[in-house]
Amino acid sequence: MASDNIHSDVLIVGAGSAGSVLAARVSADPGCRVTVVEAGPGTVEAGVATLTRNGLQLPIGAASPLVQRYRTTLTDDPHRAADLVRGATVGGSGAVNGGYFCRALPVDFDEFGVPGWSWPEVLAHYRAIQTDLDFPDRADGGPIPIRRTRELLGSTAAFVDAARSAGLGWLPDLNAEPTGVNAPPGVAAVPLNIVDGVRTGPGAAFLEPASARPNLTVLPRTRVLRVRTVRARAVGVEAVGPAGPVTLTADRVVLSAGAIGSAQLLMLSGIGPAAALREAGIAVVANLPVGQRTSDHPEWVVATTWTVAPQRPVLEVVLVADGLEIRPYTGGFIAMVGDGMPGRPDWPHLGVALMTPRSRGRLTLASADPMVAPRIEHRYDSDGDDVAALSRGVRMAAEILGSTTELGEPMWSTSQHLCATAPMGPDTDEHAVVDSRCRVRGIDGLSVVDGSVLPRITGRGPHATIAMIGHRAAEFVVA
């Protein structure tokens, strides 16, 4: 139970994939007092662990108590809207997702060019967060177990057979560098943090085992409203917990509330584009380009006539080629999230996702009220080359799979991988919000550690990368 005044050495806002790893790492020093604030329920609440550990279903349906929904505009011409779903519990989205746990590509970090984040430097932290059960000879040593589906059935098997018949090779390991036998194009099993049907995300692997430490306090169902600053220094946050308003102060405040939550908190606290803040009636503390160049994986979803395979991870294999992932989802979306009911139609589907998009979106405040969701615009149709690439991907899927299924018309969607709302970069980068040590520019004592800091979306799904960021940034937070 929160008191009306808690002071910490490090205050972490958000117990998601990055925040959970960061909290466990920083609190390993018994002399460092760490408080983690999580807006959603804690894992000890009835039913939460059952939902988050079941890796064969996504607990994100309409009645789920573990998610927060945001509305976004996918395309402008014509206007297409969609829901973004974010985990709101210990473990964040990593506690409710499909278990895809791929590392980014070396070229991603090469192109970022941020000191301290070269591929050899981050690779050590990828290895430190996971243990790959399929490759036991690796130098991994982390608590997140990784395994790939070995027995391929139903639509997954049909997909792989069709891809192999089309001359595409089998890539042994998507988490290896994409050279030699692992060089695309090809089809591969997805590394999953789901083993024997049990999802083990960063919250379960890192934060829960550390939560008994006397120097670590986790405050669930506590919503941070804004960061408090005094003379360009963060001194704490204003929050509301189960018992009402709570004052939390700290020597260092770290925002790990996700790409949406962290960016919104920065702007509510006067840290963001000056003109937009003034328009919202917020006093400007630091004029920084928060939310101005967001990045995500656009995805076209195509209905299929495959038979649904129940009680399987939602995605077991992918085809990677030409900057695309073609994804044979094992079931219909309604079945995946547990929203099925008599008379409600469902259909298995295929996803064609662009992993190297050029389009950029925007996240802005809709109101100075913390309870009002920000305005999110993906602008997926703003780059003609992206649209052309997605179209090529659908044609490729039709050519490869035409004998195994009938494909419907593609529909715009998103991979739900929003990032780059507070990107890191060198001092010369006009788009950077945080420096190479994840410190917010111009504000002492304030950091951002989550997918917000990626300069752009990575060439693989970002979950493993976000957990890695939490592990890497721990060295900066306590330095």
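What you see is a predicted model, and the numbers here were worked out from it, not measured in a lab. Numbers for residues simply follow the sequence, beginning at 1.
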**salt bridge (charged side-chain N to carboxylate O under 4.0 Å, His left out) between R103 and D140, worked out** = CA-CA 13 Å; R103 295 170 182 169; D140 298 341; 3.5 Å; yes
**Request:** Tell me, with the steps shown, if V190 and E316 meet side chain to side chain contact (heavy atoms under 4.5 Å, CB included).
**Result:** CA-CA 5 Å; V190 175; E316 298 175 307; 6.0 Å; no
**Request:** Dump the intermediate steps for side-chain hydrogen bond (donor to acceptor under 3.5 Å, both in side chains) on R379 and S359, then the final yes or no.
**Result:** CA-CA 7 Å; R379 297 177 170 178; S359 61; over 6 Å; no
**Request:** Evaluate side chain to side chain contact (heavy atoms under 4.5 Å, CB included) for R71 paired with D83, printing each intermediate quantity in order.
**Result:** CA-CA 5 Å; R71 199 66 172 163; D83 282 338; 2.9 Å; yes
**Prompt:** Between V218 and L207, does a side chain to side chain contact (heavy atoms under 4.5 Å, CB included) hold up when you go through it step by step?
**Reply:** CA-CA 9 Å; V218 180; L207 186 57; 4.2 Å; yes
**Message:** Please evaluate residues V240 and V246 with respect to the criterion side chain to side chain contact (heavy atoms under 4.5 Å, CB included), reporting the C-alpha separation (whole Å), side-chain torsions for both, the decisive distance (0.1 Å), and the verdict.
**Reply:** CA-CA 6 Å; V240 176; V246 57; over 6 Å; no
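Closest approach of P313 to T149, counting heavy atoms only: CG-OG1, 4.3 Å. Contact record, E121 with H125: O-CD2, 3.2 Å, taken as the closest heavy-atom pair. Nearest approach of R360 to A420, heavy atoms of both residues: NH1-CB, 4.0 Å. Of all the heavy atoms in P202 and S20, the pair that sits closest is O-CB, 3.7 Å. Considering all non-hydrogen atoms of both residues, T35 and S8 come closest at OG1-OG, 2.5 Å. Here the closest heavy-atom approach between residue L152 and residue A157 is recorded as O-CB, 3.5 Å.
No side-chain donor from either of H417 and D296 sits under 3.5 Å from a side-chain acceptor of the other. Using modelled atom types, one finds a donor on one side chain and an acceptor on the other under 3.5 Å when comparing S452 with T421. No hydrogens or angles considered: nothing links the side chains of S93 and R86 as a donor-acceptor pair under 3.5 Å. Checking S262 against D450 by side-chain atom types alone, a donor-acceptor pair falls below 3.5 Å. Side chains of T304 and H349: a donor-acceptor N/O pair is absent below 3.5 angstrom, by distance only.
Side-chain contact between L133 and V195 is present, with at least one heavy-atom pair separated by less than 4.5 Å. The closest side-chain heavy-atom distance from L350 to I326 is below 4.5 Å. A heavy-atom distance below 4.5 Å is found between the side chains of R312 and L153. Contact annotation: the side chain of L171 never approaches that of V181 to less than 4.5 Å [non-hydrogen atoms, C-beta and beyond]. The side-chain heavy atoms of H463 and N97, taken from C-beta on, include a pair separated by under 4.5 Å. Side-chain atoms of E38 and T222, non-hydrogen and from C-beta on, never get closer than 4.5 Å to each other. Contact check for E45 versus V48: side-chain heavy atoms found under the 4.5 Å cut-off. Within the 4.5 Å cutoff, the side chain of V448 has no heavy atoms near those of the C438 side chain.
Using cut-offs of 30° and 60° on the angle between ring planes, the pair W306 and F159 is perpendicular.
Residues W119 and Y126 place their aromatic rings such that the two centres sit under 6.0 Å apart.
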Counting only pairs under 3.5 Å, give me each side-chain donor-acceptor contact of residues 388-400, with atom names and distances, residues two or more places apart or in other chains.
from : atom 1 : to   : atom 2 : distance (Å)
S391 : OG     : R395 : NH1    : 3.0

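Residues satisfying the side chain to side chain donor-acceptor pair (under 3.5 Å) test with R375, not counting sequence neighbours, are T364. The salt bridge (Lys or Arg N to Asp or Glu O under 4.0 Å) check on R327 picks up E299, E325, with sequence neighbours excluded. Legend: residues meeting salt bridge (Lys or Arg N to Asp or Glu O under 4.0 Å) with R25, ordered by chain and number and at least two apart, are E475. Taking the salt bridge (Lys or Arg N to Asp or Glu O under 4.0 Å) definition, one finds that R223 meets it with nothing, sequence neighbours left out.
Checked for salt-bridge contact, R148 and D134 meet the test: a charged N lies under 4.0 Å from a carboxylate O. Ion pairing between D108 and R460 fails under the 4.0 Å rule for side-chain N and carboxylate O.
The side-chain hydrogen bond (donor to acceptor under 3.5 Å, both in side chains) test with H378 is passed by exactly one of T72, T73, T75: T72.
The side chain to side chain donor-acceptor pair (under 3.5 Å) analysis of residues 196-209, with sequence neighbours excluded, yields the pairs R53-E208.
Atom NE2 of H297 is separated from atom OG1 of T356 by 8.0 Å, given to the nearest 0.5 angstrom. The distance from atom CD of Q57 to atom OG of S64, rounded to the nearest 0.5 Å, is 10.0 Å.
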